[in-house]
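Notes follow the structure.
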Amino acid sequence: LIYCARKLDEGNRLLKEGKIDEAEKIISSAKNWLTEATEAHVALYKIYNEDEKNLLSKKIAKIERAHALDFSKLRDQSY
């Protein structure tokens, strides 16, 4: 997540410098990875959240939900 945040910062810096093509490649790559990671964490959340009787599954679901939100916030910044 930190790596992607740095890549987005780098892409924004390149945009300010007028290096549009370079910036687009970096931002697009980060955006794609963040989208996939968000979807993976959402899928894990749904799987763990289904098991209502297992307390450990509920705790893991809560963590996966938080990860999905973190990744989605950064993904949304890439647009």
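Atoms considered below: every heavy atom in the structure, side chains included; atoms not considered: hydrogens, waters and symmetry mates.
Rounded to the nearest 0.5 angstrom, Ile60 CD1 and Leu55 CG are separated by 10.0 Å. Between the CG atom of Leu15 and the NZ atom of Lys19 there is a distance of 11.5 Å, given to the nearest 0.5 Å. Summarising the geometry, atom CG belonging to Leu1 is positioned 11.0 Å from atom CZ belonging to Arg6; distances are rounded to the nearest 0.5 Å. Atoms CG and NE2, on Asp70 and His67 in that order, are 7.5 Å from each other to the nearest 0.5 Å. One distance of note links NZ of Lys59 with CG of Leu56; it measures 7.5 Å at 0.5 Å rounding.
We find that Arg13 and Glu17 are joined by a salt bridge, their nearest charged nitrogen and carboxylate oxygen being less than 4.0 Å apart.
Pairing each heavy atom of Ile26 with each of Lys7, the nearest pair is CG2-O, 3.2 Å. Taking both residues in full, the closest heavy atoms of Val42 and Ala68 are given as CG2-CB, 3.7 Å, listed atom of the first, atom of the second, then distance. When all heavy atoms are compared, the tightest approach of Tyr45 to Ala61 is CD1-O, 3.1 Å. The two residues Leu14 and Ala23 make their nearest non-hydrogen contact at CB-CB, 3.8 Å.
Taking 4.5 Å as the limit, some side-chain heavy atom of Ile27 sits within range of a side-chain heavy atom of Asn12.
More than 12 heavy atoms of other residues, nucleotides or ligands shown are found within 6.0 angstrom of CD1 on Ile20. Under a cut-off of 6.0 angstrom, the local environment of NZ in Lys25 is sparse, with at most 12 non-hydrogen atoms contributed by other residues, nucleotides or ligands.
Under a hydrophobic-cluster definition in which Ile, Leu, Val, Met, Phe, Trp and Tyr are linked whenever side-chain heavy atoms come within less than 4.5 Å, directly or via other members, Phe71 and Leu44 are assigned to different clusters.
Panel note: side chain Thr35, backbone Lys31; a donor-acceptor pair is recorded below 3.5 Å. The backbone N or O of Arg75 sits less than 3.5 Å from a side-chain atom of Ser78, completing a donor-acceptor pair.
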Starting from the C-alpha separation in whole Å, work towards a yes-or-no answer on side-chain contact (heavy atoms from CB on, under 4.5 Å) for Gln77 and Leu74. CA-CA 5 Å; Gln77 289 177 15; Leu74 191 57; 3.5 Å; yes

